[in-house]
Structures are given as structure tokens and as C-alpha cells.
Amino acid sequence: MKVTWATEQGSAERGNEDFVAAAPGAVVVLDGCGLPLGTDLGCVHGTAWYARSLGTRLLARMLDGLGPQARPPVGPPEGVHRPGQRPLVARLAGAIADVAASHRESCDLRAPTTPAATVLALRVRGEWVDYLVLADSTLLLDGRRGVEAVTGGPSYAAADPAMAEAAITGTVPMGELDRASLLTDGATRLVDTFGVTGWDGLAELAADPGPAELIERNREIERTDPRAARWPRAKVHDDATAAVCAF
């Protein structure tokens with residue numbers, strides 16, 4: 001698997017609260033849930049720290065046990081979604097618990113505004129590809145079946161490991177995939193905010209000319225609407241991250 005990625009902050013005032021990291025056979029993309037500046041998070045570290053801390057711990061846990069002898073899922077292939085196959089949920093739950101333990105003494109994790117993040121994760125396991133999607137970031141699976149967009153629901157990774165159970169997960173035979181794109185919502189505005197292309201077009205753009213140009217296309221349109229009047233949105237420019245995995 002070859003991974004290419006780009007990330008860009010949306011505002012100089014708050015820095016980039018997205019996080020992306022890759023290692024042989026695995027990649028994670030997180031989008032820190034940016035609340036209005038000045039919000040009391042009950043945490044001395046902040047949202048960017050949380051996304052970075054959760055992302056690095058999740059990546060490390062995903063790599064445990066990988067290798068040429070990694071066992072495939074039991075049973076015959078069932079396509080993209082395999083009921084009962086949720087191999088990354090426990091890894092995410094463990095990573096959430098790790099981060100919570102690391103700052104429980106210094107921060108109030110009971111605060112409803114405690115730092116949180118969306119999570120995208122993808123792992124190659126032998127001839128199989130496992131994926132996980134939590135909250136409103138999007139995974140594009142591009143292969144024999146065309147392009148499938150997987151976007152999560154309203155649950156985020158925060159202080160409670162049980163939130164990992166809300167993730168959408170699946171396992172795909174690697175032979176059925178050409179590419180997979182992991183995109184935060186700042187990188188999917190061409191589809192879900194501006195409506196200038198569909199998921200197929202976004203997948204093509206992510207592949208060629210690539211993640212950096214995909215983000216710049218979003219920025220070009222954002223700059224034509226500096227007051228968010230034509231396309232109402234909470235942030236004129238949002239943090240944007242795109243990672244593309246080629247198989």
C-alpha cells in the first residue's frame with residue numbers, strides 16, 4: 001500500500017486540529033472537533049493535542065499483530081460490509097482509554113466540551129483491508145464496485161471508550177480495491193457543501209492530481225464566498241486533510 005497525503009489548517013488563529021499519520025500497512029486521519037475559540041474544554045491540552053494523541057495511539061494499536069501471517073476474516077467474502085467483522089473497534093476503544101488515562105488527573109473529562117475527534121482508520125491485514133469510520137469524516141472505497149462513500153454519524157471519539165461502538169466498520173478483499181481515500185469534512189466540501197462534483201469526481205481528484213490539489217480546489221471556491229453567504233457554513237475555511245491509499 002502506498003499512501004500520499006496533504007493537510008492544511010483553515011485558520012491561523014487556532015492552528016490545524018486535523019491529524020494524519022501512516023505506517024507500513026496502516027493509516028489514520030482524525031478531525032478534532034473545533035468549538036468556538038474561548039470555549040472552556042475542561043482540558044489544559046486542547047483539541048489539536050487530543051487528535052494527535054488519539055491518532056498516534058490508535059496507529060500503534062492497529063499495527064500490533066500485523067505481518068505476513070496475519071489471519072484473514074473467517075468465512076467466505078461477503079463484499080464490502082461484513083456483519084460481525086469489527087476488527088478495529090477494540091483498537092479504537094483502547095486508544096480512547098489510553099488518552100483519557102493520560103490526562104484524567106489534570107483535566108475534567110466529565111465536561112461536555114471535553115476534546116473530541118472524528119476518526120478514519122484503514123489497515124491492510126494479509127489480503128484484506130479493514131476500515132473504520134467514526135463521525136462525519138468520509139472514506140471513499142474505489143474499486144471493482146465503483147466508488148462507495150462511507151460517512152459516519154453524530155458520535156465522536158472523546159473520553160468514553162464505549163463511543164468506539166458507534167463506528168462503521170468493514171473488511172474488503174484487497175483485490176477488489178484500487179484506492180481508498182480518507183477525507184475530513186474540510187476536504188469534502190466540493191461534494192457536500194458546494195455541490196460541484198460527486199463522490200466519483202472527488203475520488204478521481206484525490207487520485208490525480210492528488211490530495212494537495214483536492215484541498216486547493218476547495219480553497220478556491222471558499223475564497224469566492226468569504227462571508228459564507230452563498231454557501232452557509234460554520235467556518236469560511238475549515239481544516240482539510242486528505243490521504244489516498246493505492247493498492
Side-chain angles (χ1 to χ4, degrees), residues 5 7 9-23 25-66 86-123 125 130-139 150-169 182-186 234-235 238-241 243:
W5 57 266
T7 184
Q9 68 187 44
S11 168
E13 295 178 349
R14 65 190 310 148
N16 195 341
E17 294 172 334
D18 283 1
F19 177 78
V20 55
V27 58
V28 296
V29 171
L30 288 82
D31 181 357
C33 300
L35 297 175
L37 291 173
T39 299
D40 181 6
L41 303 177
C43 175
V44 299
H45 303 96
T47 300
W49 171 89
Y50 180 79
R52 181 172 65 250
S53 298
L54 182 60
T56 53
R57 285 167 170 81
L58 175 58
L59 184 63
R61 283 177 170 269
M62 288 166 59
L63 296 172
D64 288 345
L66 285 186
R86 292 172 61 77
L88 296 179
V89 170
R91 309 294 173 111
L92 176 58
I96 293 172
D98 289 346
V99 179
S102 76
H103 72 135
R104 180 170 285 111
E105 293 186 3
S106 60
C107 306
D108 181 9
L109 305 190
R110 297 168 300 177
T113 52
T114 190
T118 74
V119 181
L120 296 170
L122 186 142
R123 176 182 68 177
R125 186 162 49 100
D130 301 324
Y131 66 83
L132 177 147
V133 179
L134 181 66
D136 61 355
S137 291
T138 298
L139 170 70
V150 184
T151 304
S155 298
Y156 296 84
D160 183 359
M163 297 307 296
E165 292 294 337
I168 299 171
T169 65
L182 295 79
L183 309 165
T184 63
D185 63 350
K235 301 174 184 176
D238 195 5
D239 299 337
T241 299

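Every value quoted in this text rests on a predicted model; they were computed, and no experiment measured them.
For residues 151-167, every residue pair satisfying the salt bridge (Lys or Arg N to Asp or Glu O under 4.0 Å) rule, not counting sequence neighbours, is listed here: R86-E165.
Put simply, CD on E17 and OG1 on T47 are 4.5 Å apart, with the number rounded to the nearest 0.5 Å. Considering OG1 of T7 and CG of D18, their distance stands at 5.0 Å, rounded to 0.5 Å. Going from atom CG of D130 over to atom CE of M62 covers 8.0 Å, rounded to the nearest 0.5 Å. How far OG1 of T241 is from CG of L183: 9.5 Å, rounded to the nearest 0.5 Å. Considering CD of Q9 and CG of D238, their distance stands at 11.5 Å, rounded to 0.5 Å. If you take CD1 on I168 and CG on L132, they are separated by 9.0 Å, rounding to the nearest 0.5 Å.
Taking both residues in full, the closest heavy atoms of A116 and A158 are given as CB-CB, 3.9 Å, listed atom of the first, atom of the second, then distance. For A97 against P161, the heavy-atom pair with the smallest separation is CB-CG, 3.8 Å. Closest of all the heavy-atom pairs between V27 and A243 is CG2-CB, 4.3 Å. Across G55 and L30, no two heavy atoms sit closer than the pair CA-CD1, 3.6 Å. Closest non-hydrogen pair, A93 versus A164, comes out as N-CB, 3.7 Å. Between A121 and V28, the closest heavy-atom pair is CB-CG1, 4.2 Å.
The side chain to side chain contact (heavy atoms under 4.5 Å, CB included) check on S155 picks up L134, M163, A166, with sequence neighbours excluded.
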Kindly indicate, with the supporting measurements, whether the criterion side chain to side chain contact (heavy atoms under 4.5 Å, CB included) is fulfilled by D136 and Y156. CA-CA 9 Å; D136 61 355; Y156 296 84; 3.7 Å; yes
Before giving the answer on side chain to side chain contact (heavy atoms under 4.5 Å, CB included), spell out for T114 and D108 the whole-Å C-alpha distance, their side-chain angles and the decisive distance to 0.1 Å. CA-CA 7 Å; T114 190; D108 181 9; over 6 Å; no
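A side-chain donor-acceptor contact under 3.5 Å links R14 to the backbone of L35. Looking only at distances, no side-chain donor or acceptor of T151 sits under 3.5 Å from a matching main-chain atom of T138.
Residues V44 and H103 form no side-chain contact, since every pair of their non-hydrogen atoms from C-beta on lies 4.5 Å or further apart. Considering only heavy atoms from C-beta on, S53 stays 4.5 Å or farther from H45 through its side chain. When side chains are defined from C-beta on, T56 counts as touching F19, because their heavy atoms get closer than 4.5 Å. Two residues are said to be in side-chain contact when any heavy atoms from C-beta on lie closer than 4.5 Å; W49 and V99 meet this criterion.
For the side chain to side chain donor-acceptor pair (under 3.5 Å) criterion with S137, the lone passing option out of T184, T118, D31 is T118.
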